[in-house]
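Input: a single structure, listed below in structure tokens.
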Amino acid sequence: MKRHNDQPISEILKTWKQTSKFKPMLIQQKIEAEWENWFGKIIAKNTEKLLVKENKLYIYLKSAPLKYELHLGRIKIMGIINEKLGENYFEEIIIH
């Protein structure tokens, strides 16, 4: 007997990922894993923590001059990250 609601597991996981409350955690893990590749060793070395919450990315940095530079370029950073993720997930980048 064949079921009528058969779906490939990849489709089920994709749907779950898009509708799940775990999506921010999955995005945060991807950003943390790729942070150095996307923005370089100097920025990665001075980054204390990345936090994804309510479509916002909070970036905690050690260096005050770097905070200032990234604050000025936060729109560009948001564009790069959204492009790498393949969706316009982030509405705002907040530098601490």
Side-chain angles (χ1 to χ4, degrees):
M1 184 184 250
K2 191 171 182 174
R3 297 180 189 175
H4 295 286
N5 62 351
D6 288 343
Q7 289 181 317
I9 196 151
S10 61
E11 288 297 318
I12 294 168
L13 289 174
K14 186 177 179 181
T15 303
W16 175 80
K17 189 171 94 171
Q18 294 299 323
T19 60
S20 173
K21 64 181 178 182
F22 298 112
K23 186 173 181 175
M25 289 189 297
L26 295 171
I27 288 176
Q28 182 171 335
Q29 287 179 345
K30 179 167 177 93
I31 292 171
E32 287 174 351
E34 297 294 332
W35 189 249
E36 185 174 335
N37 295 332
W38 294 347
F39 296 103
K41 288 184 179 184
I42 293 173
I43 292 175
K45 183 180 173 185
N46 285 293
T47 302
E48 290 182 334
K49 184 169 108 175
L50 298 167
L51 179 65
V52 175
K53 188 175 182 181
E54 298 174 1
N55 294 54
K56 296 177 186 173
L57 176 63
Y58 295 85
I59 304 171
Y60 295 87
L61 299 167
K62 300 174 192 174
S63 168
L66 186 57
K67 284 180 190 178
Y68 179 73
E69 290 293 324
L70 292 183
H71 180 75
L72 292 177
R74 67 187 186 279
I75 301 299
K76 186 174 182 179
I77 292 168
M78 184 172 57
I80 291 169
I81 293 172
N82 282 334
E83 179 184 332
K84 298 288 186 180
L85 292 174
E87 63 179 299
N88 287 328
Y89 183 78
F90 291 108
E91 299 168 355
E92 188 175 1
I93 303 283
I94 300 166
I95 310 288
H96 287 284

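All figures in this text were calculated on a predicted structure; none of them were measured in a lab.
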Requested in this report: Quick one: which residue pairs count as a ring-ring contact (aromatic ring centres under 6.0 Å, His included) with a foot in residues 59-87, not counting sequence neighbours?
Outcome: Tyr60-His96
Requested in this report: Report yes if some heavy atom in the side chain of Lys30 is under 4.5 Å from a heavy atom in the side chain of Leu85; otherwise report no.
Outcome: yes
Requested in this report: For the residue pair Lys76 and Ile80, establish whether any side-chain heavy-atom pair is separated by less than 4.5 Å.
Outcome: yes
Query raised in the report: Taking only residues two or more places apart in sequence or in another chain, which ones pass side chain to side chain donor-acceptor pair (under 3.5 Å) with Glu32?
Result: Gln28
Requested in this report: Answer yes or no: are there more than 12 heavy-atom neighbours, outside Leu72 itself, under 6.0 Å from its atom CG?
Outcome: yes
Query raised in the report: Do Leu66 and Ile94 belong to the same hydrophobic cluster, where Ile, Leu, Val, Met, Phe, Trp and Tyr are linked whenever their side-chain heavy atoms lie under 4.5 Å apart, directly or via other members?
Result: no
Query - Met25 reachable from Ile81 in the ILVMFWY side-chain graph, under 4.5 Å edges - result: no
Below 3.5 Å, can you tabulate the donor-acceptor pairs from side chains in residues 44-55 to any protein atom, sequence neighbours excluded?
residue : atom : partner : partner atom : Å
Asn46   : ND2  : Ile42   : O            : 2.9
Thr47   : OG1  : Trp35   : NE1          : 3.0
Thr47   : OG1  : Ile43   : O            : 2.6
Asn55   : ND2  : Tyr89   : O            : 2.9

Between atom [atom1] of [X] and atom [atom2] of [Y], what is the distance when rounded to the nearest 0.5 Å?
X	Y	atom1	atom2	answer
Met78	Glu92	CE	CD	8.0 Å
Leu70	Ile77	CG	CD1	4.5 Å
Lys84	Asn37	NZ	CG	9.0 Å

Query raised in the report: Would you say the side-chain atoms of Asn82 pair up with the backbone N or O of Phe90, donor to acceptor, closer than 3.5 Å?
Result: yes
